[in-house]
Amino acid sequence: MNFKTFKTDLAQRCRNIRPTRWWRFGIVALLYTLWCVWMHNAWLLLGLILLFDIYIAGYIPFTWWKKSKNKVLRTLMGWVDAIVYALILVYFIFNFIGQNYQIPSSSLEKTLLIGDYLFVNKTVYGPRVPMTPVHFPLVHNKLPILETDSYLDSPSNSYHRLAGFRDVEIGDIVVFNFPAGDTVATKFEESPRYYDILVKEDGWEEVNTNKAKYGDIVYRPVDRRTNFVKRVVGMPGQRFKIVNDVIYIDGVPYTQPENAQFNYIVFTSRPLTDDYTRSLGISRVDVNMLDGAGSGYAYLIPLTRQALQTMIDDGTVTEAFRQPLRPEDTRGYLFPEGLSDNWSLSNYGGTVGIWIPKKGETLRLTPDNWPLYERVIRNYEGHPDSFVRDGQVFVDGQPTDTYTFAMDYYFMMGDNRDNSQDSRFWGFVPEDHIVGTPMFVLVSFDNEHSIFDGGIRWSRIFSDANPDK
């Protein structure tokens with residue numbers, strides 16, 4: 001077919017297209033063009049040619065099956081066609097608009113509860129362009145049943161975030177990829193005992209050779225690492241510390257969220273029943289009875305200020321003490337190892353606090369502060385040949401006493417302060433790990449009760465996911 005013949009044929013095909021088909025093409029083409037502008041990638045506009053053929057020209061026989069005389073084939077391919085379109089739509093929505101997220105642990109209680117299903121908005125900070133663009137859209141990093149990776153490592157994209165409505169702010173609740181989740185033991189991927197902890201406790205050789213117990217040891221790209229959800233308590237460029245449970249930002253006390261809770265040892269006048277703790281929003285698994293209370297009752301329990309005051313006012317609690325948190329209880333587990341040996345969850349950061357890295361800021365590097373920024377420089381910013389030797393810091397194998405950071409970093413904590421695995425354990429959260437912020441609760445299930453006995457928390461449906469903000 002020469003160009004003249006092609007031109008005549010194309011004109012005829014365009015005349016034969018119904019007006020409604022043109023309207024559909026126009027809407028899809030406009031949305032696609034706006035997406036290309038948002039992506040700042042003119043090459044993507046070539047996709048308009050494919051869209052024009054799908055809706056108007058019809059040279060590529062995408063719908064060949066509709067002309068088949070085989071009814072079974074037409075029915076089957078009709079379903080395949082619908083599923084493919086649905087998966088493409090879900091792919092774009094999940095990557096560029098938002099998606100659901102389940103709260104798996106109590107680290108943010110009482111703001112967010114175990115069993116909450118959240119809508120996480122990715123447009124607020126700007127969606128992150130997928131680093132592993134070839135992936136199955138309905139799962140995170142594993143295909144169910146098959147237990148194989150749900151993504152391909154190649155092709156891959158470098159980190160790029162599209163324009164959003166605003167930047168991350170202190171007090172935001174944020175969903176992010178677990179920074180220490182780059183290397184994982186597949187049988188412990190959803191366990192609090194992540195790879196670094198397994199190696200610390202069981203030894204590198206045991207973890208890396210005992211496949212029956214630990215599974216495969218694999219590397220996860222940034223956007224395929226386990227999702228975490230915490231509250232931002234420290235911003236880039238700020239100095240952070242905790243003194244007697246009070247957070248200080250640049251030396252100024254930070255207002256504690258209303259729903260923040262701490263572990264208390266309480267002595268009660270009567271046993272704590274399920275109905276009573278449930279009325280206060282306390283999970284059954286969080287109520288731990290202690291021995292040696294004499295003629296009364298003693299419990300270790302996480303409580304907000306309001307819940308504790310309610311229990312005192314109604315006469316249930318006769319005495320209450322903060323659970324003592326000592327450095328020796330977490331020694332070797334807090335970030336950074338060695339420097340934090342005399343810190344605890346209640347008193348963290350030492351006398352001067354820790355400085356949170358900020359994009360474009362230059363820091364003087366010394367062997368003393370190297371433990372704070374080693375992982376940032378080596379793992380997150382891609383300088384693996386960096387170390388300290390003979391009292392000198394080396395970056396990319398070259399001696400240096402300064403470093404300029406390429407990304408912003410954040411300090412994240414859970415509201416359930418004594419029962420949260422957060423930045424106090426594994427350090428800063430890089431900006432390229434941030435997924436989005438939860439906007440509201442889609443639905444909430446209480447797994448401690450049946451569906452017919454309060455198993456659905458009706459009052460939480462469509463409730464604000466961050467009422468303290």
Side-chain angles (χ1 to χ4, degrees), residues 1 5-39 41 43-102 117-123 127 129-157 162 223-224 436 442-443:
M1 181 185 294
T5 304
F6 169 75
K7 184 178 178 181
T8 303
D9 181 68
L10 178 61
Q12 182 63 42
R13 288 174 183 244
C14 291
R15 284 193 294 270
N16 292 339
I17 295 298
R18 297 188 304 270
T20 54
R21 187 80 175 174
W22 278 102
W23 276 105
R24 288 167 60 189
F25 167 70
I27 293 171
V28 171
L30 176 61
L31 292 174
Y32 182 81
T33 301
L34 291 174
W35 177 73
C36 293
V37 172
W38 195 22
M39 292 282 288
N41 191 335
W43 287 105
L44 292 173
L45 290 171
L46 293 174
L48 289 171
I49 299 173
L50 179 62
L51 289 176
F52 183 80
D53 187 76
I54 291 172
Y55 282 90
I56 306 299
Y59 284 103
I60 302 174
F62 289 108
T63 57
W64 58 268
W65 48 271
K66 289 184 177 181
K67 299 178 181 180
S68 174
K69 296 180 180 180
N70 189 322
K71 184 177 180 181
V72 175
L73 178 64
R74 292 199 307 272
T75 301
L76 177 63
M77 290 305 300
W79 278 103
V80 171
D81 184 67
I83 291 171
V84 169
Y85 268 97
L87 288 177
I88 292 172
L89 181 62
V90 167
Y91 178 92
F92 276 90
I93 291 175
F94 277 22
N95 280 296
F96 297 100
I97 306 297
Q99 67 184 94
N100 66 303
Y101 175 82
Q102 181 188 3
Y117 286 79
L118 312 174
F119 174 74
V120 177
N121 190 332
K122 297 184 178 182
T123 66
V129 175
M131 298 175 184
T132 51
V134 182
H135 64 268
F136 194 79
L138 297 176
V139 294
H140 186 51
N141 53 35
K142 282 186 179 181
L143 291 172
I145 302 176
L146 298 177
E147 289 297 310
T148 58
D149 289 345
S150 62
Y151 61 91
L152 297 181
D153 290 310
S154 184
S156 63
N157 295 318
L162 304 182
D223 59 344
R224 296 298 121 194
L442 291 167
V443 67

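Computed from a predicted structure; not experimentally measured. Numbers here simply count residues along the sequence, with the first being 1.
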request  = For residues Trp38 and Leu44, determine if any side-chain heavy atom of one lies less than 4.5 Å from a side-chain heavy atom of the other.
outcome  = no
ask   = So, for Pro137 and Val90, which heavy atoms are closest and what is the spacing to 0.1 Å?
value = CB-CG1, 4.0 Å
query = Do Ile17 and Tyr55 come within less than 4.5 Å of each other through their side chains, counting heavy atoms only?
reply = no
inquiry  = Once rounded to the nearest 0.5 Å, what's the spacing between atom CZ of Arg21 and atom CD1 of Ile56?
reply    = 6.5 Å
Evaluation steps, side chain to side chain contact (heavy atoms under 4.5 Å, CB included), between Phe96 and Met39 = CA-CA 10 Å; Phe96 297 100; Met39 292 282 288; 3.7 Å; yes
task = Determine yes or no for a side-chain-to-main-chain donor-acceptor pair under 3.5 angstrom, with Asn157 supplying the side chain and Pro130 the backbone.
result = yes
task = Identify the two heavy atoms, one from Pro133 and one from Ser156, that lie closest to each other, and give their separation to 0.1 Å.
result = CD-CA, 4.1 Å
inquiry  = What's the separation between atom CG in Asp149 and atom CZ in Phe136, rounded to the nearest 0.5 Å?
reply    = 14.5 Å
note = Distance col, row Asn141:CG vs Thr148:OG1, nearest 0.5 angstrom, shows 10.5 Å
query = If you round to the nearest 0.5 Å, how far is CH2 of Trp23 from CZ of Arg18?
reply = 16.0 Å
query = If we only count heavy atoms from C-beta on, is the Asn100 to Phe94 side-chain gap below 4.5 Å?
reply = yes
Spacing of Thr33 atom OG1 and Leu45 atom CG [to the nearest 0.5 Å] = 6.0 Å
request  = Decide ring pair (Phe, Tyr, Trp, His ring centres under 6.0 Å) for Phe6 and Tyr59; before the verdict, give the C-alpha distance in whole Å, the side-chain angles of both, and the deciding distance to 0.1 Å.
outcome  = CA-CA 11 Å; Phe6 169 75; Tyr59 284 103; 5.5 Å; yes
ask   = Would you say the side chain of Leu87 lies within less than 4.5 Å of the side chain of Val84, judging by non-hydrogen atoms?
value = no
ask   = If we only count heavy atoms from C-beta on, is the Gln99 to Lys122 side-chain gap below 4.5 Å?
value = yes
ask   = So, for Ser150 and His140, which heavy atoms are closest and what is the spacing to 0.1 Å?
value = OG-O, 3.2 Å
Interatomic spacing from CD in Gln102 to CG in Leu442 - rounded to 0.5 Å = 11.5 Å
Validation row: Trp65, Asp81 side chains within 4.5 angstrom (heavy atoms) = yes
query = Under 4.5 Å between any side-chain heavy atoms of Trp22 and Cys14, yes or no?
reply = yes
request  = Without swapping roles, check the side chain of Tyr91 against the backbone of His135 for a donor-acceptor pair under 3.5 Å.
outcome  = no
inquiry  = For Arg74, give me all partners under salt bridge (charged side-chain N to carboxylate O under 4.0 Å, His left out), at least two apart in sequence or on another chain.
reply    = none
query = Given side chains that start at C-beta, do those of Thr123 and Ile97 come closer than 4.5 Å, heavy atoms only?
reply = yes
